Amino acid sequence: QVQLVESGGGLVQAGGSLRLSCAASGRTFSGYAMAWFRQAPGKEREFVAAISWSIGMTYYTDSLKGRFTISRDKAKNTVYLQMNSLKPEDTAVYYCAAGITMLTITTERKYDYWGQGTQVTVSS
């Protein structure tokens with residue numbers, strides 16, 4: 001049974017940093033794209049970034065390039081999202097997802113497995 005478990009969320013002041021983790025288990029993820037999505041209050045869930053599990057290629061939504069970095073540690077079966085220079089508008093529940101899809105395909109329905117989410121709150 002595939003499990004994706006996010007951690008690392010919390011309350012941070014604007015300008016601060018957080019690193020989210022997503023521990024993946026239950027199958028081998030070779031060939032999978034691992035992604036982070038987020039959902040702010042009252043808004044639809046949106047794509048943040050994705051990484052190819054096998055080769056480490058990455059893709060970001062344009063508005064977050066330069067502030068957020070996605071990475072993975074194959075030995076630990078974990079995907080990370082390093083978030084720097086956080087802004088109040090980054091406040092959201094952040095979800096980890098896995099799917100067999102191209103990195104540039106950012107729609108939710110292409111991802112088969114989802115974590116439960118972790119809350120990130122950025123205060124001004």
Side-chain angles (χ1 to χ4, degrees):
Q1 181 180 356
V2 174
Q3 277 196 311
L4 303 176
V5 180
E6 302 98 332
S7 61
L11 174 64
V12 63
Q13 286 190 328
S17 297
L18 279 176
R19 188 177 79 158
L20 306 183
S21 299
C22 171
S25 62
R27 65 162 301 129
T28 57
F29 290 95
S30 177
Y32 272 70
M34 309 295 289
W36 289 95
F37 287 76
R38 69 183 184 182
Q39 187 167 21
K43 295 188 177 181
E44 292 186 353
R45 191 152 53 183
E46 64 176 354
F47 173 85
V48 172
I51 186 166
S52 163
W53 184 261
S54 299
I55 63 174
M57 186 178 294
T58 59
Y59 181 74
Y60 297 89
T61 192
D62 284 344
S63 61
L64 296 176
K65 274 183 191 175
R67 290 198 300 124
F68 287 17
T69 303
I70 190 170
S71 62
R72 66 34 175 146
D73 184 330
K74 294 169 88 172
K76 294 183 178 179
N77 254 30
T78 300
V79 179
Y80 302 99
L81 185 67
Q82 178 68 43
M83 306 185 294
N84 298 327
S85 302
L86 283 162
K87 305 175 182 180
E89 52 263 43
D90 294 319
T91 294
V93 178
Y94 284 72
Y95 297 91
C96 178
I100 299 179
T101 183
M102 293 175 61
L103 297 183
T104 54
I105 305 298
T106 62
T107 52
E108 293 182 47
R109 57 186 172 84
K110 291 294 186 180
Y111 287 85
D112 301 310
Y113 305 108
W114 291 83
Q116 82 289 349
T118 185
Q119 176 71 47
V120 171
T121 303
V122 184
S123 63
S124 58

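Residue numbers start at 1 and run along the sequence shown. Remember, it's a predicted structure, so these values are computed and weren't measured experimentally.
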Start with the C-alpha gap between Y95 and F37, add the side-chain angles, then the distance that decides, and say whether ring-ring contact (aromatic ring centres under 6.0 Å, His included) holds. CA-CA 5 Å; Y95 297 91; F37 287 76; 8.5 Å; no
Step-by-step side-chain contact (heavy atoms from CB on, under 4.5 Å) determination, F47 to Y59: CA-CA 10 Å; F47 173 85; Y59 181 74; 3.7 Å; yes
Starting from the C-alpha separation in whole Å, work towards a yes-or-no answer on side-chain contact (heavy atoms from CB on, under 4.5 Å) for R19 and M83. CA-CA 6 Å; R19 188 177 79 158; M83 306 185 294; over 6 Å; no
Test side-chain contact (heavy atoms from CB on, under 4.5 Å) on T69 and L81; report intermediate values, then the result. CA-CA 6 Å; T69 303; L81 185 67; over 6 Å; no
Give the C-alpha distance, both sets of side-chain angles, the deciding distance and a yes or no for side-chain contact (heavy atoms from CB on, under 4.5 Å) between K87 and R67. CA-CA 10 Å; K87 305 175 182 180; R67 290 198 300 124; 3.9 Å; yes
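No side-chain heavy atom of L103 sits less than 4.5 Å from a side-chain heavy atom of I51. Two residues are said to be in side-chain contact when any heavy atoms from C-beta on lie closer than 4.5 Å; Y32 and Y113 meet this criterion. Counting only heavy atoms from C-beta outward, the side chains of R72 and F29 never approach each other to under 4.5 Å. When side chains are defined from C-beta on, C96 counts as touching W36, because their heavy atoms get closer than 4.5 Å. Taking the side chain as every heavy atom from C-beta outward, Y94 and Q119 never approach each other to under 4.5 Å.
Cluster membership check: V2 shares its hydrophobic cluster with M34, using side-chain heavy-atom separations under 4.5 Å among Ile, Leu, Val, Met, Phe, Trp and Tyr. Y80 is not connected to I70 by any chain of hydrophobic side-chain contacts under 4.5 Å among Ile, Leu, Val, Met, Phe, Trp and Tyr, and they are in different clusters. No path of Ile, Leu, Val, Met, Phe, Trp and Tyr side chains, each step under 4.5 Å between heavy atoms, connects V79 with M102, placing them in separate hydrophobic clusters. F68 and V12 fall within a single hydrophobic cluster, where Ile, Leu, Val, Met, Phe, Trp and Tyr side chains are chained together by heavy-atom contacts under 4.5 Å. Taken together through direct or relayed side-chain contacts under 4.5 Å among Ile, Leu, Val, Met, Phe, Trp and Tyr, L20 and L64 form part of one hydrophobic cluster.
Annotation for T91 and V122: closest pair OG1-N, 2.9 Å, computed over non-hydrogen atoms. The shortest heavy-atom contact between S54 and G31 is OG-N, 2.9 Å. The nearest pair of heavy atoms linking L11 to S123 is CD1-CB, 4.3 Å. K76 and T78 make their closest contact through O-OG1, 2.8 Å (heavy atoms, listed as atom of the first residue, atom of the second, distance). Between Y111 and A50, the shortest heavy-atom contact is OH-CB, 3.8 Å. Across all non-hydrogen atoms, the minimal contact from D73 to W53 is O-CH2, 4.1 Å.
Judged by distance alone, with hydrogens and angles left aside, the side-chain atoms of N77 form a donor-acceptor pair with the main-chain N or O of A24 at under 3.5 Å. Of the possible polar contacts, none joining the T106 side chain to the T104 backbone as a donor-acceptor pair under 3.5 Å is found. One N or O on the side chain of E6 and one on the backbone of Q116 form a donor-acceptor pair closer than 3.5 Å.
The line from OG of S63 to NZ of K65 is 10.0 Å long, rounded to the nearest 0.5 Å.
Considering D90, V120, T61, V93 as possible partners of R38, the one that fulfils the side chain to side chain contact (heavy atoms under 4.5 Å, CB included) test is D90.
In this model, a donor atom of one side chain and an acceptor atom of the other lie less than 3.5 Å apart for N84 and S17.
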